[in-house]
Amino acid sequence: MLPIKEQLKVIKSGVDGLIPEKLLIEKLGRNTPLRVKLGVDPTAPDLHLGHAVPLRKMRQFQDMGHQIVLIIGDATALIGDPSGRNATRPPLTKDQIEENAQTYVEQAFKILDPERTELRWNSEWIYDLDLAGLLSLASNFTVARILERDDFSKRYHNQQPIALHEFLYPLMQAYDSVMIHADVEMGGSDQLFNLLAGRELMEKMQMEPQVCLTLPLLEGTDGIQKMSKSYGNYIGLTDAPEEMFGKVMSIPDELMLKYYRLASTEDVDTIDKIEQGLAEDRLHPNKIKRALARNIVTAYYTEDVAMFAEEQFDRVFKSHDIPDDVEEVVCDLTPNDEGTIYLAALIHSIGFASSAAEARRLIDGGGVKIDGNALPEKSYHIDPETITNHVLQVGKRKFARITGAHN
RNA sequence: GGGAGUGUGCCCGAGUGGCUAAAGGGGACGGGCUGUAAACCCGUUGGCUAUGCCUACCAUGGUUCGAAUCCAUGCGCUCCCA
């Protein structure tokens, strides 16, 4: 294993908090692999760049020879983590959880080395807890202690409901740490309370407590709220390369460095140089953002794919051209008695607008183009000839080559 | 168990009998500009083959020529007391 100093440098890069650092040094000093825990709840089927932040940190531990333990919270997902929430999570069925968990693991292993990962499901021990067990577990915490946490107290003061089962969530997560004998548990900074509950419970059960490692939350593409599927500001690990590239380009400039530190594969020294270069105006923000987008796409696909994604991006957004690979869409282009087709309905039917009325508004706003030429206002009804085998564009990003059905 | 509130469009939030498809803000989308799907500026934001028609302010019923607005009951949520 690397010397402790070297290990600490890697561990601490990009982290938000390490509680307590002294204990971590002590644990590292024993020169045996640490058990490093990350628990994830399969509440949504797709992982995004925000989830990837702790996973990347896990990978760093893994590469230094520590034993990482990835816990799939299939049991805790039934409760739903209240962290940072202002409302109770909608319940998921066991089937949904099962399904989500599958894709979750698959995507996590794009970052982690599966061969050296201990994968556990917390239903393994949580389902064995009977009521008596649960009660004795609950007796370790007080209501005041749980109510202390920011999200609960906010909800309480704002007269928003807190369901009783949500109180139990931190206990369940803490119990996971006990069961797998965690040395370190990591999570986003919003997880701090849950992580500390793990420490507390371990101590009460006469174990050496875990070290809590928190990572900053990654803001989504809007640059304001944390990346989350429910805010629609996420960059999914399974997004198409062009999509991924474009989404990275859409983050506010101020967020670039944070993305470099938390979501890219670039090492600390390189990022420091970039930061300096930007501050001194030696590096152009657009170039740096492009490099970031390429790096991220490369991490989940390949370098070639990333370069192609960049080319397409330039075609569409820089030169306002039509991309190479426009999807062909077959539509009913049978004209009515007046020899026209209702374009607004067609746009709606292929999913480019949420209603025909919206399609009409888009036409009037100049957002609908055929072969790159904007249609004039009110052209809701058009001659089918003008569109058959031509490229219909709605907004900047939606393209389709329209062909008629063969009757 | 008793009492007090509250429920509006994707979200927040005004509106307390007609001028309300419903102010304002956020978000989203579209256009312009550009170094980007950054920033900034402008526009749009219930549905419908559409100068009109239909559906909408928790639900149902009522008062009224006319209700998001008044009344009744129900449902949801919150708070206080026990």
Side-chain angles (χ1 to χ4, degrees), chain A residues 86-88 152-163 219-225 228 230-236 239-259 278 281-294 296-297 309-321 323 332-349 351-369 372-384 392-399:
Chain A
N86 53 21
T88 308
F152 281 153
S153 67
K154 265 192 196 139
R155 280 162 69 175
Y156 189 68
H157 287 297
N158 292 340
Q159 311 197 339
Q160 284 163 328
I162 302 168
E219 286 86 354
T221 50
D222 57 6
I224 299 162
Q225 283 184 288
S228 154
S230 41
Y231 298 139
N233 63 358
Y234 69 102
I235 302 176
D239 279 352
E242 288 93 344
E243 188 82 356
M244 201 183 258
F245 191 94
K247 282 182 178 177
V248 175
M249 290 304 284
S250 82
I251 65 169
D253 287 0
E254 303 74 61
L255 222 57
M256 284 197 289
L257 279 166
K258 190 162 182 185
Y259 268 60
L278 281 173
D281 264 341
R282 277 189 292 105
L283 297 172
H284 196 292
N286 189 32
K287 291 225 167 61
I288 296 305
K289 203 188 261 183
R290 279 167 181 279
L292 173 67
R294 268 197 312 270
I296 290 174
V297 176
E310 183 172 18
E311 273 170 40
Q312 296 307 307
F313 183 85
D314 284 344
R315 269 187 93 95
V316 175
F317 297 106
K318 217 171 160 189
S319 353
H320 301 283
D321 275 347
D332 179 12
L333 297 173
T334 317
N336 60 14
D337 297 343
E338 287 161 27
T340 63
I341 53 163
Y342 185 41
L343 181 63
L346 186 146
I347 290 170
H348 175 215
S349 73
F352 280 8
S354 59
S355 67
E358 190 190 333
R360 283 172 165 243
R361 282 182 231 119
L362 288 168
I363 291 169
D364 289 343
V368 176
K369 294 174 191 149
N373 303 313
L375 291 172
E377 280 183 38
K378 309 282 179 203
S379 35
Y380 312 137
H381 303 267
I382 59 164
D383 183 341
L392 173 70
Q393 178 180 359
V394 176
K396 287 196 184 92
R397 295 155 58 192
K398 297 183 202 114
F399 298 90

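What's counted below: heavy atoms across the whole structure, side chains too, no hydrogens, waters or symmetry copies. Below, chains carry the letters A, B, ... as their sequence lines are ordered, and counting in each starts from 1.
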Next item on the list: Verify, without hydrogens or angle tests, whether A:Glu243 (side chain) and A:Asp239 (backbone) share a donor-acceptor contact under 3.5 angstrom.
Entry: no

Check: Which one, B:G35, B:G31, B:U49, comes nearest to the side chain of A:Lys396?
Finding: B:G31

Check: Please give, in whole Å, the distance from B:U49 P to A:Ile363 CD1?
Finding: 12 Å

Item checked: A:Lys398: salt bridge (Lys or Arg N to Asp or Glu O under 4.0 Å) partners, not counting sequence neighbours -> none

Notebook entry, point to check: When we call it a touch if two heavy atoms are under 4.0 Å apart, what does A:Tyr380 touch: a base, just sugar-phosphate, or nothing?
Noted result: nothing

Notebook entry, point to check: Hey, does A:Lys287 reach any base, or is it just sugar-phosphate, or nothing, if we go heavy atoms under 4.0 Å?
Noted result: nothing

Item checked: Qualifying residues under side-chain hydrogen bond (donor to acceptor under 3.5 Å, both in side chains), relative to A:Thr340, sequence neighbours excluded -> A:Asn336

Notebook entry, point to check: A:Glu358 CD to B:A28 C1': how many Å, rounded?
Noted result: 9 Å

Checklist line | Check: A:Asn233 main-chain N/O paired with A:Ser228 side-chain donor or acceptor under 3.5 Å | finding: no

Notebook entry, point to check: With sugar-phosphate meaning primed atoms plus P, OP1 and OP2, does A:Glu243 contact a base, only sugar-phosphate, or nothing at under 4.0 Å between heavy atoms?
Noted result: base

Notebook entry, point to check: Of A:His381 and A:Ile224, whose closest RNA chain B nucleotide lies nearer the 5' terminus?
Noted result: A:Ile224

Check: What does B:C40 pair with, Watson-Crick or G-U, if both distances are under 3.5 Å?
Finding: B:G32

Notebook entry, point to check: Does A:Lys369 reach the main-chain N or O of A:Lys396 with its side chain, forming a donor-acceptor pair under 3.5 Å?
Noted result: no

Notebook entry, point to check: Between A:Arg360 (CZ) and B:G47 (P), how many Å, whole number?
Noted result: 11 Å

Notebook entry, point to check: Taking protein heavy atoms under 4.0 Å as touching, what does nucleotides 39-45 of chain B look like 5' to 3' if B marks base contact, S marks sugar-phosphate-only contact and - marks none?
Noted result: -----SS

Next item on the list: Rounded to the nearest angstrom, tell me the gap between atom CZ in A:Arg397 and atom P in B:G30.
Entry: 7 Å

Item checked: Who pairs with B:U64 - Watson-Crick or G-U, where each distance is under 3.5 Å -> none

Check: Between A:Asp253 and A:Pro285, is there a donor-acceptor pair closer than 3.5 Å when you use the side chain of the first and the backbone of the second?
Finding: no

Margin query: Can you tell me the base-pairing partner of B:G27? Count Watson-Crick or G-U wobble geometry only, both distances below 3.5 Å, and say none if there is no partner.
Written below: B:U45

Notebook entry, point to check: What is the distance from CD1 of A:Ile347 to P of B:C48, rounded to the nearest Å?
Noted result: 12 Å

Next item on the list: Using the ring of A:Tyr234 (Phe, Tyr or Trp, six-membered ring only), decide whether A:Lys247 places NZ or CZ under 6.0 Å from its centre and within 45 degrees of its axis.
Entry: yes

Margin query: Nearest to the A:Met249 side chain among B:G31, B:U36, B:G30, which nucleotide is it?
Written below: B:U36

Notebook entry, point to check: Can you check side chain to side chain contact (heavy atoms under 4.5 Å, CB included) on A:Gln312 and A:Phe245, steps first, answer last?
Noted result: CA-CA 10 Å; A:Gln312 296 307 307; A:Phe245 191 94; over 6 Å; no

Note to self: Taking B:A14 as the reference, what is the distance to B:A82 when you measure between their C1' atoms (whole Å, please)?
What the structure shows: 37 Å

Notebook entry, point to check: A:Tyr380 side chain to A:Ala345 main-chain N or O, any donor-acceptor pair under 3.5 Å?
Noted result: no

Check: Please give, in whole Å, the distance from B:G30 C1' to A:Phe352 CZ?
Finding: 15 Å

Margin query: Does a side-chain N or O of A:Ser355 approach OP1 or OP2 of B:C48 to a distance below 4.0 Å, or not?
Written below: yes

Next item on the list: Describe the nucleic acid contact of A:Ala356 in one word from base, sugar-phosphate, nothing, applying a heavy-atom distance below 4.0 Å.
Entry: sugar-phosphate

Notebook entry, point to check: Is there a donor N/O on one and an acceptor N/O on the other, under 3.5 Å, for the side chain of A:Asp253 and the base of B:G35?
Noted result: yes

Next item on the list: Calculate the interatomic distance between A:Ile382 atom CD1 and B:U49 atom C1'; express it in whole Å.
Entry: 13 Å

Next item on the list: Select base, sugar-phosphate, or nothing to describe what A:Gly395 touches, counting heavy atoms under 4.0 Å on all strands.
Entry: sugar-phosphate

Notebook entry, point to check: So what does A:Arg290 hit on the nucleic acid, given a heavy-atom distance under 4.0 Å: a base, only sugar-phosphate, or nothing?
Noted result: nothing

Margin query: Looking only at the side chain of A:Phe313 (C-beta and beyond, no hydrogens), which of the listed nucleotides B:G30, B:A37, B:U34 gets closest?
Written below: B:A37

Check: In Watson-Crick or G-U wobble terms, both distances under 3.5 Å, what is the partner of B:G5?
Finding: B:C77

Note to self: If you assign A:Ser250 and A:Val368 each to the RNA chain B nucleotide with the nearest heavy atom, which residue ends up on the more 5' nucleotide?
What the structure shows: A:Val368

Next item on the list: Return the value, rounded to whole Å, for the distance between atom OH of A:Tyr259 and atom C1' of B:A38.
Entry: 13 Å

